[in-house]
Amino acid sequence: QVQLVESGGGLVQAGGSLRLSCVASRGILSTYTTGWFRQAPGKEREFVASISWQGVNTNYADSVKGRFTISRDNAKNTVFLQMNSLKPEDTAIYSCAARKFGTSSQDSGLYSYWGQGSQVTVSS
């Protein structure tokens, strides 16, 4: 099992950048495929990006391609989401999720472990 903790959220102006971190406070994250999902007020949770446990395969939602980059540092037991060129529509609570040895997937139902979320607010 892993216990996930997100950090790095905050308030930023449109066009700015933030880097979110997802740390496994318990467990070894290197054996888990990890994804980032977000949920804005009044909207359903949506997929943002995912990275395979080997770090070889990545997937992105069309809305963030070219602006967001997911990466992992297994030595630090951490997965990152670098967010550049942020837009007001990126405002949401961002949560990381993990699935043991699974393939990189956009399906939130396949992920077994979830963090508590980190608020990202982009002002216009």
Side-chain angles (χ1 to χ4, degrees):
Q1 292 186 345
V2 289
Q3 186 169 353
L4 305 175
V5 180
E6 302 96 335
S7 63
L11 173 64
V12 64
Q13 289 187 335
S17 299
L18 285 173
R19 188 176 79 158
L20 300 181
S21 298
C22 174
V23 177
S25 60
R26 184 180 69 191
I28 307 300
L29 195 57
S30 61
T31 58
Y32 290 79
T33 285
T34 306
W36 286 95
F37 295 80
R38 67 187 182 186
Q39 187 166 20
K43 295 186 178 181
E44 294 187 353
R45 182 167 57 194
E46 64 174 355
F47 169 78
V48 177
S50 62
I51 186 167
S52 61
W53 63 273
Q54 309 98 319
V56 174
N57 297 312
T58 58
N59 289 308
Y60 296 92
D62 288 342
S63 60
V64 306
K65 279 182 182 176
R67 300 188 298 123
F68 291 11
T69 302
I70 189 170
S71 62
R72 65 189 313 145
D73 185 338
N74 289 336
K76 296 182 178 180
N77 222 19
T78 303
V79 170
F80 301 100
L81 184 68
Q82 178 67 45
M83 306 185 293
N84 299 328
S85 302
L86 283 161
K87 304 175 181 180
E89 51 264 43
D90 294 319
T91 295
I93 295 174
Y94 285 71
S95 299
C96 65
R99 57 187 301 235
K100 183 78 169 179
F101 289 130
T103 57
S104 183
S105 174
Q106 301 186 15
D107 185 351
S108 63
L110 297 178
Y111 292 82
S112 302
Y113 304 99
W114 290 80
Q116 82 290 349
S118 181
Q119 177 70 48
V120 171
T121 303
V122 184
S123 63
S124 58

d(Tyr113 OH, Cys22 SG) to nearest 0.5 Å is 13.5 Å

* Cluster question for you: counting only ILVMFWY and a side-chain heavy-atom cut-off of under 4.5 Å, with indirect links fine, are Leu29 and Val23 together? -> no

Do NZ/NE/NH1/NH2 and the carboxylate oxygens of Lys87 and Asp90 come within less than 4.0 Å?
no

When rounded to the nearest 0.5 Å, the distance separating SG of Cys96 from CD of Gln116 is 7.5 Å

The reported gap from CZ in Arg72 to OG1 in Thr58 (rounded to nearest 0.5 angstrom) is 11.5 Å

*asked:* For Phe47, is there any backbone N or O sitting under 3.5 Å from a side-chain donor or acceptor partner on Asp107?
replied: no

For Tyr94, does the six-membered ring have the charged nitrogen or CZ of Arg38 within the cation-pi criterion, i.e. under 6.0 angstrom from the centroid and within 45° of the normal? no

*Return yes if some donor-acceptor pair links the side-chain N/O of Thr34 with the main-chain N/O of Tyr32 below 3.5 Å, else return no.*
yes

- If you group Ile, Leu, Val, Met, Phe, Trp and Tyr by side-chain heavy-atom gaps below 4.5 Å, do Val64 and Ile70 land in one group? yes

Practice task
Validate the cation-pi geometry between Arg99 and Trp114: distance from NZ or CZ to the six-membered ring centre under 6.0 Å, angle to the ring axis within 45°.
Solution key: no

Query raised in the report: Within a strict 4.5 Å, meaning less than it, do heavy atoms of the Thr69 and Leu81 side chains meet?
Result: no

No-hydrogen, no-angle side-chain donor-acceptor test under 3.5 Å, Asp73 and Thr78:
no

Tightest non-hydrogen contact, residues Ser95 and Glu6, listed as CA-OE2, 3.2 Å

To the nearest 0.5 Å, atom OG of Ser71 lies from atom CZ of Phe80 at 6.0 Å

With no hydrogens and no angle check, is any side-chain donor or acceptor of Asn59 less than 3.5 Å from a backbone partner on Ser50?
no

Requested in this report: Take the angle between the ring planes of Phe37 and Tyr111 and call it parallel below 30°, perpendicular above 60°, tilted in between.
Outcome: perpendicular

Take atom NZ of Lys100 as the centre, draw a 6.0 Å sphere, and report whether it contains more than 12 heavy atoms from other residues, nucleotides or ligands. yes

